[in-house]
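The structure appears below as structure tokens.
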Amino acid sequence: MPLHLIKLCVGCDSIEDLAEWIEQRIREKKRKGERPVHNHITRMVPKRTADLKGGSLYWVIKGTVQVRQKLLGVEPFTDKEGIGRCRLVLDPKLVRTEWQPRRPFQGWRYLEADDAPRDLKKGRAGDDLPPELTAALAEMGLR
């Protein structure tokens, strides 16, 4: 089973916000003539990169894991200031997951496959609930 990463989605209030941000970044790259690849830059490079093959980056939005993106690659690099960084290359497609409460943390963390929330099945009853109600149900372990 692949290993995953989990990270807070700072600045996004919803999955729709994240989707819009991804689309905007890809459009901007195309406009600049760059490769239209979606990636996320982090400070630390995962040491268990080989274990992440086939894994995903799970996003915590407003205190709950709500969505994931397939992790396509991990590319360490040095920025213009000489600081080591890591580019997480991600599939731009967002996969909604069961909501799972998470406390705040800094950076990213490893997420074992057994601890990762399951993907939501399309057309599942109750998928159109307001986010606040879905979060409350997740907090109680009912969603």
Side-chain angles (χ1 to χ4, degrees), residues 1-139 143:
M1 281 198 219
L3 183 66
H4 306 289
L5 295 175
I6 186 168
K7 185 164 183 12
L8 299 183
C9 193
V10 179
C12 289
D13 290 331
S14 67
I15 296 171
E16 291 73 25
D17 281 352
L18 178 59
E20 186 178 311
W21 180 73
I22 291 168
E23 288 174 20
Q24 180 182 8
R25 291 196 62 207
I26 289 174
R27 277 194 309 270
E28 189 172 314
K29 285 184 177 191
K30 284 180 182 178
R31 187 181 55 77
K32 290 180 177 178
E34 298 174 7
R35 241 177 26 160
V37 176
H38 175 58
N39 57 55
H40 183 77
I41 307 296
T42 69
R43 171 73 168 91
M44 303 302 292
V45 178
K47 292 182 180 11
R48 299 172 63 186
T49 301
D51 297 333
L52 293 169
K53 186 173 183 160
S56 292
L57 175 62
Y58 285 78
W59 289 107
V60 178
I61 301 172
K62 297 196 83 150
T64 57
V65 177
Q66 298 181 27
V67 67
R68 70 176 178 85
Q69 289 180 272
K70 186 163 179 58
L71 186 59
L72 302 176
V74 177
E75 302 172 349
F77 70 99
T78 304
D79 69 11
K80 295 174 187 173
E81 289 81 36
I83 299 170
R85 304 237 183 243
C86 179
R87 184 178 294 113
L88 302 174
V89 182
L90 302 165
D91 184 334
K93 180 183 175 200
L94 296 174
V95 179
R96 292 173 185 261
T97 66
E98 292 179 340
W99 284 30
Q100 186 181 79
R102 287 289 170 146
R103 294 191 184 276
F105 57 91
Q106 288 187 328
W108 51 262
R109 299 284 183 265
Y110 291 114
L111 179 64
E112 298 292 336
D114 291 340
D115 298 328
R118 294 181 301 215
D119 293 351
L120 282 182
K121 293 184 178 25
K122 298 245 187 244
R124 188 173 106 171
D127 284 346
D128 55 350
L129 294 174
E132 299 80 19
L133 181 55
T134 303
L137 290 171
E139 186 75 30
R143 178 102 170 121

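- Taking all atoms of both residues into account, the shortest heavy-atom contact from G55 to H4 is CA-ND1, 3.5 Å.
- When side chains are defined from C-beta on, I26 counts as touching P92, because their heavy atoms get closer than 4.5 Å.
- Taking a 6.0 Å sphere around CD of E20, one finds it holds 12 or fewer heavy atoms contributed by other residues, nucleotides or ligands.
- Ionic pairing of E34 and K29 is not present here: no N-O contact between side-chain nitrogen and carboxylate oxygen is shorter than 4.0 angstrom.
- Residues L71 and V89 form no side-chain contact, since every pair of their non-hydrogen atoms from C-beta on lies 4.5 Å or further apart.
- The two residues C12 and K62 come nearest to each other via the heavy atoms O-CG, 4.3 Å.
- For an aromatic pair to be called close, the ring centres must be under 6.0 Å apart, and W108 with H40 fails this.
- When atom types are taken as modelled, the side chain of R68 and the backbone of V65 share no donor-acceptor pair closer than 3.5 angstrom.
- Atoms CG and CZ, from L3 and R48 in turn, are 4.5 Å apart once rounded to the nearest 0.5 Å.
- The two residues V67 and T97 come nearest to each other via the heavy atoms N-OG1, 3.5 Å.
- With L57 as reference, L90 is the one residue of L52, L90, D91, L111 to meet the side-chain contact (heavy atoms from CB on, under 4.5 Å) rule.
- For the pair L88 and E75, the minimum side-chain heavy-atom distance is 4.5 Å or more.
- Across K70 and S56, no two heavy atoms sit closer than the pair CA-OG, 3.7 Å.
- Distance check, rounded to the nearest 0.5 Å: CD of Q66 to CG of L18 gives 9.5 Å.
- Distance check, rounded to the nearest 0.5 Å: NZ of K30 to CZ of R25 gives 14.5 Å.
- Closest heavy-atom contact between Q100 and A116: NE2-C, 4.4 Å.
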**OP:** Please lay out, stage by stage, how E16 and W21 fare under the test side chain to side chain contact (heavy atoms under 4.5 Å, CB included).
**Re:** CA-CA 9 Å; E16 291 73 25; W21 180 73; over 6 Å; no
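- Counting heavy atoms from C-beta outward, R85 and R43 have side chains that approach closer than 4.5 Å.
- Between Q69 and W59, the side chains place a donor N or O and an acceptor N or O closer than 3.5 Å (distance only, hydrogens not considered).
- In this structure, R102 CZ and K7 NZ are separated by 14.5 Å, a value rounded to the nearest 0.5 Å.
- Counting only heavy atoms from C-beta outward, the side chains of L8 and F105 approach each other to under 4.5 Å.
- A pairwise comparison of heavy atoms in A113 and P2 identifies CB-O, 3.4 Å as the closest pair.
- One finds the OH atom of Y58 at 15.0 Å from the SG atom of C9 (value rounded to the nearest 0.5 Å).
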